[in-house]
Amino acid sequence: MTPTWAQLVNLGVAVLFILSLKGLSSPKSARMGTALGAIGALVATVALFFTGIELRNLALIIGAIVVGSVIGWVSARRVKMTAMPQLVALFNGVGGGAAGLIAVVEFLHIGADGGILFSFFTVLTIIIGSVAFSGSIVTFLKLQEIMTTRPVVIPLGKWVTILVAVATIGFAVWLMVSPQFWLVLVLMLLSLVFGVLFVLPVGGADVPIVISLLNACTGLAVAASGYVLGNVLLLIAGTLVGASGTLLTSLMAKAMGRPLTSTLFGAFSGTTQGAASAGEDRPVRSAGPNDVAIMLGYANKVILVPGYGLAVAQAQSPLRELADLLTEKGIAVDYAIHPVAGRMPGHMNVLLAEANVPYEQLKEMDEINPDFSSTDVVLVVGANDVVNPAARTDKSAPIYGMPILDVDAAQQVVFLKRSMRPGFAGIENELLFDPKTTLLFGDAKDSLTKVVTSLKDL
Amino acid sequence: MDGVALLTIFVLSIFVGFEVVSKVSTILHTPLMSGANAIHGIVLIGGIIVLGSSEGILEIVLSTLAVLLGAINLVGGFVVTDRMLEMFKPRKAESGSDEGAGR
């Protein structure tokens, strides 16, 4: 059995993981939290090799660790910050996949001799791990925009999903009663299909919540695999992530004003296809960079609303330059940050911090919303869904109920947009057709640079 | 370890998990999720345990894959979390020391 010293090491590592999560909850200690977690993981992994466990395929073990670490490291370093959410989804998916595979192998080792509890947790690990794996892959494909970001509603999807769920449970019970390997394969397949069906109907704007939920799922799968292997550290770490991930999911849902149930099951009802039908050819008012510069230059108060489009165009720096220029002219400038600006809660803060935007100028939604009515010009750069009044008024819109930035309360609104294409949630924004709205079409970086140049000549 | 002891640990861990993140601020939702994601990458050691006792081609292939995926989750998770948090650093450097000049 595991030597006492190794059990104590595991206890220490478990404490490090708890401190890591604790540290990550506060800006001051967040980096320290990451470091503690990483140290814990390293210690646990290295210590494992000295506990005298059976190490049959040592070369393969080392090789797989090295290759996996390099893949993880390189992709994490290379990824653009804008694409970071889908990478997190992918990492989460492979973790769930690993837990599922471990349970399958352990089943091959022990099979029918493990007893009912062993079978139960094996089955549980396989199901949750597979769901987390395939679900995460689908969220990755959605965020990467390889597949549509709109809710995918397949005909009779609700019934298919229920059928698959029932079949999964049925095979799970069968497997527990009579442990046979082909049942494991069927169970795995059904769970994978369920994961896909579960995520498909989720609309683009709700994807971050689903990632967080799947993250909690992987945690649970890891915990269950800890039970299967009789490994306390896996049990503790997995449970910690499962519990904190569940809480985090509900906190996120609250920040987005989305009841969790409607996020997950809303698309089943089939009413979420937004009103994208209404007039594509309606008139909008567009203007050149000069006009926008004049509007901004003669304002008293300007609020900037950065969105994902800003990040995609890498226009953070020109935006900051614009803000600095306006401040020099004695104009009050603030950045309004929607909780889910970008692709995930807090994503925009990270992106703007990268461009050295002073932290004090970033205003959270609740703080800035009362200010819009006294604002002359709001400049919306590459954002759409988070300023869409449909969230307040249109009950059929997928984003209905999400708190938004009240930019429509300002005197004038300027949108920097690439095209009339709707936002990530795939719905039309009425505000674009409002008489007080001006549009400046083009690449955000390009447009901002031109506005800055015009403003300097003003 | 017997089932009841494991169950005890499980239940207590749930409460700890809830408690430690209950006061997280909105801006840290993403890094926290990513950090938690990295922590469940510890599933790597489960992979090592099963690969270490694997015989036969099917077992070895599956458990090697488990180790590989676990390592990607663990290492990638921590590195990407740190990268996110790195972005918050300049602010501190400005108010504190002047070491940020090198960036």
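Proteins get letters first, then strands, A, B, ... in listed order; numbering begins at 1 in each.
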For the [atom1] atom on [X], are there more than 12 heavy atoms of other groups (residues, nucleotides or ligands in this structure) within a distance under 6.0 Å?
| X | atom1 | answer |
| --- | --- | --- |
| B/F15 | CZ | no |
| A/F118 | CZ | yes |
| A/I116 | CD1 | yes |

Using non-hydrogen atoms only, which part of [X] is less than 4.5 Å away from chain B: side chain, backbone, both, or neither?
| X | value |
| --- | --- |
| A/V79 | both |
| A/L60 | both |
| A/V104 | side chain |

Heavy-atom pairs under 4.5 Å with chain A: which of B/V11, B/L7, B/I14, B/I39 has the most?
B/I39
At a heavy-atom distance under 4.5 Å, which candidate from B/L65, B/I48, B/T81 has the highest pair count against chain A?
B/I48
Between the side chain of [X] and the main-chain N/O of [Y], is any donor-acceptor distance below 3.5 Å?
| X | Y | result |
| --- | --- | --- |
| B/N73 | A/V94 | no |
| A/S25 | B/V20 | yes |
| A/R56 | B/L51 | no |
| A/R77 | B/V80 | no |
| B/H29 | A/L248 | no |

Are [X] and [Y] packed together at the side-chain level, in the sense that at least one heavy-atom pair is separated by less than 4.5 angstrom?
| X | Y | value |
| --- | --- | --- |
| B/E86 | A/R31 | yes |
| B/H40 | A/N215 | yes |
| B/S63 | A/I102 | no |
| B/M33 | A/N92 | no |
| A/E54 | B/S53 | yes |
| B/I45 | A/L233 | yes |

Is any side-chain N of the basic residue among A/K22 and B/E19 closer than 4.0 Å to the acidic one's carboxylate O?
no
